[in-house]
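Report on the following structure.
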Amino acid sequence: MWELSTHYLWWILALLLIGGELLLPGYFLLWIGLAAAAMGVVLWADPMLGVLAQAIVFGLLAFAFCVGYARWLRPRLERRVSGGERLNRRAEQLIGQRYPLIEPIVNGRGKARVGDGQWLVSGPDLPAGTVVEVVAVDGTTLQVRATA
């Protein structure tokens, strides 16, 4: 019967844990699996490490990988992109933008060219062609003001 080196056992454990992460996603088994892989590298470099020392080093590595994820990597992955809070509210993304009027604003109502479409606008009476700035949104109507 052939003998399997201990560092291979750690790498097999790492594969099993990372595979378990694929079945039960949550980012927890991944970091423990990476700690097991790192433990395999440590044991490959120092094959005379005792079982108790392996358990202690593995525990420390698992703790370090989990804390590193929670304190360093996760906040960077969850960083919000500017305007992301308005992702599903398209009209609110237009606030602060400037667009030309394609129909004059008469009695507080008109239309502006936004991209390749038209939006209803409300604001002070202005002639067609005037560039306006969106200051608020009311349903599907953009509230605008004349730009200086």
**Message:** Using the rule that Ile, Leu, Val, Met, Phe, Trp and Tyr join whenever any side-chain heavy atoms are under 4.5 Å apart, tell me whether Leu142 and Ile102 fall into a single cluster.
**Reply:** no
**Asked** Do you know the tightest heavy-atom contact between Ala62 and Ile32?
**Response** CB-CG1, 4.5 Å
**Asked** Less than 4.5 Å apart, any side-chain heavy atom of Lys111 and any of Leu120?
**Response** yes
**Fill in**
d(Leu30 CG, Tyr69 OH) to nearest 0.5 Å is 9.0 Å
**Prompt:** Which value, rounded to the nearest 0.5 Å, describes the distance between Ile18 atom CD1 and Leu13 atom CG?
**Reply:** 9.5 Å
**Asked** Shortest non-hydrogen contact from Ala70 to Pro75?
**Response** O-CD, 3.5 Å
**Message:** Check for me, please, whether Val144 and Val137 land in the same ILVMFWY cluster - side-chain distances under 4.5 Å, paths through other members count.
**Reply:** yes
**Item:** Full working for side-chain contact (heavy atoms from CB on, under 4.5 Å) between Gln118 and Arg113
**Value:** CA-CA 5 Å; Gln118 302 175 13; Arg113 167 84 50 210; 4.1 Å; yes
**Asked** Atom OG1 of Thr130 and atom CG of Asp125: how far apart are they, to the nearest 0.5 Å?
**Response** 11.0 Å
**Asked** Do Tyr99 and Val121 come close enough that some side-chain heavy atom pair is under 4.5 Å?
**Response** no
**Request:** Mark yes or no for whether Trp11, through its side chain, and Ala37, through its backbone, hold a donor-acceptor pair below 3.5 Å.
**Result:** yes
**Asked** Counting only N and O atoms by type, is there a donor-acceptor contact under 3.5 Å from the side chain of Gln143 to the main-chain atoms of Val135?
**Response** no
**Request:** Output yes when a side-chain donor or acceptor of Gln54 lies under 3.5 Å from a complementary backbone atom of Leu49, and no otherwise.
**Result:** yes
**Item:** Glu103 side, atom CD; Leu126 side, atom CG - distance, nearest 0.5 Å
**Value:** 13.5 Å
**Message:** If hydrophobic clusters are built by linking Ile, Leu, Val, Met, Phe, Trp and Tyr wherever their side-chain heavy atoms come under 4.5 Å apart, do Trp72 and Trp31 end up in the same one?
**Reply:** yes
**Item:** Shared hydrophobic cluster for Leu16 and Leu9 (ILVMFWY, side-chain gaps under 4.5 Å)
**Value:** yes
**Request:** Please find out if less than 6.0 Å separates the ring center of Trp10 from that of Phe58.
**Result:** yes
**Prompt:** Could you give the distance from OG1 (Thr6) to CE (Met39), rounded to the nearest 0.5 Å?
**Reply:** 9.5 Å
**Item:** Single-linkage hydrophobic cluster Leu29~Val67, side-chain heavy atoms < 4.5 angstrom
**Value:** no
